[in-house]
Asks: 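Dropping the structure in here first, questions after.
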Amino acid sequence: MNPPSSVQRRDDTLRSGAESSSVSFVVNGARHDVELDNRTTLLDALRERLKLTGTKKGCDHGQCGACTVSVNGERINACLTLAVMHDGDDILTIEGRAAADQLDPMQQAFIDHDAFQCGYCTPGQICSASAVLEEMQAGFPSHVTNDLTAPIEITDAEIRERMSGNLCRCGAYSNILKAITQVAKERA
Amino acid sequence: MRAFSYERVSDPAQAAARAAEVPGAKFIAGGTNLLDLMKHEIEIPQHLIDVTGTGLNDITPTSGGGLRVGAMVRNSGLAADPRIRRDYGVLSRALVSGASGQLRNKATTGGNLLQRTRCPYFYDTAMPCNKRAPGAGCAALGDGATSRQLGIIGTSDRCIATHPSDMAVALRVLDADIETVMPSGKTRRLTLDEFYRLPGDTPEVENALEPGEMITAVVLPAPVEGRHAYYKVRDRASYAFALVSVALIKTPDGSGRVALGGVAPKPWRREEADAALPKGATALMERLLNGARPTQENAFKLTLAERTLAALLAQE
């Protein structure tokens, strides 16, 4: 649609010699300009380049959810996306959730309900859970939603289904469910 | 993962032209399947063309009373669109039965159609696979192979992999079309049935796309009135691929349409089988699964498909 800018981009790619690219994104409110090997996932860029190790690497194949972060307000698996594809994006990780000493409500609820044992999956659980509440509020249906056109009810089944992309090897699921339910009800 | 060069394009025709021109080029959109396969070195592109900025992000009404879904519309947004929830319930249901919330936020409409099989032997690079390495043989057909998840119909002596998409099964029952753009800039439109290929002797060829050709949209015809349902049977309650799934649209006069997932290399529907729907699940499946060649391990899918449809029909 816009030939001059497309041609410009193409030239840039050819000039850069191809196997690395520069990318700028905002992480937890701070802008970062980095040159990265094209293969770098967003997860590795966060952990290895920006040293934000709160986001965890579990399976590295999108199956466990430990790497869940928010990009432009939506939860995704940071392991299954290339960092170079996030130019201009606004990324929120677990490190960006607390304001100074004040934990965000989901973080506090996980502590209140003892919703973890080893804690490795917890950053991903919290990032995912926060997004789940927003998705429910926005009317996103799930596999267990009875009426596709009605507002979403906050039920155990809805929360469990929506959290199925986050595994917890310690099996803290019942307390994770309690923590999320508490925040959901506070908000409702 | 092997090294590759990367570029962003802003126009679909330009994307197609570049894909035809650069050796070893592949499109990337959501990347949730492609990156996984690149990590396993099953896909080894030399160049990635990022098509997320091609402006195909909208769902717009068509002159025929249907909807045109841009290829970059994400699975979560498509499932949640009020028009889809109201008029194309089977599609919304199929979408939310697939993957996880995180993946659906990334996965695109075009990419979902192009995802590769989850056959364990396709993923295991130590095993022969005709789809991954044409001519190598098919480990899934070997003695003692685990074929429980694999196909029962439309398969061949070279490959018994299934197509993993839930979305595509719903699109097949809705009679959706696929719009593409070629490297020349020419566009074309295919039915979903024309789009997907059966494996035959060339299981590596999965669809009708020509080199460089890019999916730009899925076109949904005007809504089909009636009951829309999608019943997915799997080994766990969520976030798993189908053993069998049934997409059903039952119109008020008792006629309807059925497509199956989890049983074939493409969404499986036969219009002549639909005609038997008023007679019940057994009669329909006799026609829909006629000619099936299951393995010993997955013959249960024949019964499961029939019972899954029977269960759906009994819910009325």
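Heavy atoms only: backbone and side chains are in, while hydrogens, waters and symmetry mates are out. Letters A, B, ... mirror the listed sequences (proteins, then strands); counts begin at 1.
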Asks: Looking only at heavy atoms, which two atoms of Glu161(A) and Ala237(B) are closest? And how far apart?
Replies: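 Looks like OE1-O, 4.3 Å.
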
Asks: Side chain, backbone, both or neither: which part of Thr52(B) has a non-hydrogen atom closer than 4.5 Å to chain A?
Replies: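 Contact with chain A is through the side chain of Thr52(B) alone.
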
Asks: For the residue pair Asp87(A) and Arg8(B), establish whether any side-chain heavy-atom pair is separated by less than 4.5 Å.
Replies: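 Yes. Closest side-chain heavy atoms under 4.5 Å.
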
Asks: Counting only N and O atoms by type, is there a donor-acceptor contact under 3.5 Å from the side chain of Lys106(B) to the main-chain atoms of Leu80(A)?
Replies: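 Side chain of Lys106(B) to backbone of Leu80(A): no pair is present.
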
Asks: Taking all non-hydrogen atoms of both residues into account, name the closest pair between Cys79(A) and Lys39(B) and its distance.
Replies: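 Nearest heavy atoms, Cys79(A) then Lys39(B): O-NZ, 2.7 Å.
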
Asks: Minimum heavy-atom separation for Phe4(B) and Leu82(A), please, with both atom names.
Replies: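 Scanning both residues, the minimum pair turns out to be CZ-CD1, 3.8 Å.
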
Asks: For Ser142(A), is it the side chain, the backbone, both or neither that has a heavy atom under 4.5 Å from a heavy atom of chain B?
Replies: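 The backbone, not the side chain.
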
Asks: I need the residue from Ser76(B), Gly31(B), Gly55(B) with the largest number of non-hydrogen atom pairs under 4.5 Å to chain A.
Replies: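 Counting heavy-atom pairs under 4.5 Å, the top option is Ser76(B).
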
Asks: Based on non-hydrogen pairs under 4.5 Å, which of Thr81(A), Thr149(A), Val84(A) is most in contact with chain B?
Replies: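 Going by pairs under 4.5 Å, I would pick Val84(A).
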
Asks: Picking from Ser100(B), Gly77(B), Ser238(B), Ser92(B), which has the most non-hydrogen pairs under 4.5 angstrom with chain A?
Replies: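 Of Ser100(B), Gly77(B), Ser238(B), Ser92(B), Ser238(B) has the most heavy-atom pairs under 4.5 Å with chain A.
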
Asks: For Asp33(A), is the CG atom crowded, meaning more than 12 foreign heavy atoms sit under 6.0 Å from it?
Replies: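 Atom CG in Asp33(A) is crowded, with more than 12 foreign heavy atoms closer than 6.0 Å.
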
Asks: Which one wins on heavy-atom pair count under 4.5 Å against chain A: Leu34(B), Asp81(B), Asn33(B), Ile28(B)?
Replies: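 Ranked by heavy-atom pairs under 4.5 Å with chain A, first place is Ile28(B).
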
Asks: Between Asn146(A) and Arg93(B), what is the shortest heavy-atom contact and its length?
Replies: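 Closest approach of Asn146(A) to Arg93(B): O-NH2, 2.6 Å.
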
Asks: For the side chain of Asn77(A) and the backbone of Gln102(B), is there at least one donor-acceptor N/O pair under 3.5 Å apart?
Replies: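 A pair under 3.5 Å: no.
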
Asks: Quick check for you: to the nearest 0.5 Å, what is the distance between Arg104(B) atom CZ and Glu74(A) atom CD?
Replies: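 Going from CZ on Arg104(B) over to CD on Glu74(A), the span is 12.5 Å.
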
Asks: What part of Asp37(A) gets within 4.5 angstrom of chain B, counting heavy atoms only: side chain, backbone, both, or neither?
Replies: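 Answer is neither: Asp37(A) stays 4.5 Å or more from chain B.
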
Asks: Quick one: which of Met1(B), Arg74(B), Arg86(B) has the most heavy-atom pairs under 4.5 Å with chain A, could you say?
Replies: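 Heavy-atom pair counts peak at Met1(B).
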
Asks: Minimum heavy-atom separation for Ser97(B) to His143(A), with atom names?
Replies: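 Closest pair (atom of Ser97(B), atom of His143(A), distance): CB-ND1, 3.7 Å.
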
Asks: Any side-chain heavy-atom pair from His61(A) and His40(B) closer than 4.5 angstrom?
Replies: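 Answer yes - side chains close enough.
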
Asks: Taking atom CZ of Arg39(A) and atom CG of Leu35(B), what is their separation to the nearest 0.5 Å?
Replies: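 One finds 12.5 Å between CZ of Arg39(A) and CG of Leu35(B).
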
Asks: Please state whether the side chain, the backbone, both or neither of Ala240(B) comes within less than 4.5 Å of a heavy atom of chain A.
Replies: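 Contact with chain A is absent: no heavy atom of Ala240(B) under 4.5 Å.
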
Asks: So with a 6.0 Å cut-off around CD of Gln102(A), is the heavy-atom count from everything else above 12?
Replies: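 Not more than 12 within 6.0 Å, no.
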
Asks: Do you know which two heavy atoms are closest between Ser164(A) and Tyr239(B), and how far apart they sit?
Replies: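 Reported closest heavy-atom pair: O-CD2, 3.3 Å.
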
Asks: Check each atom of Leu48(B) against the heavy atoms of chain A and say whether the ones under 4.5 Å are side chain, backbone, both or neither.
Replies: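 For Leu48(B), the contact with chain A is made by the side chain alone.
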
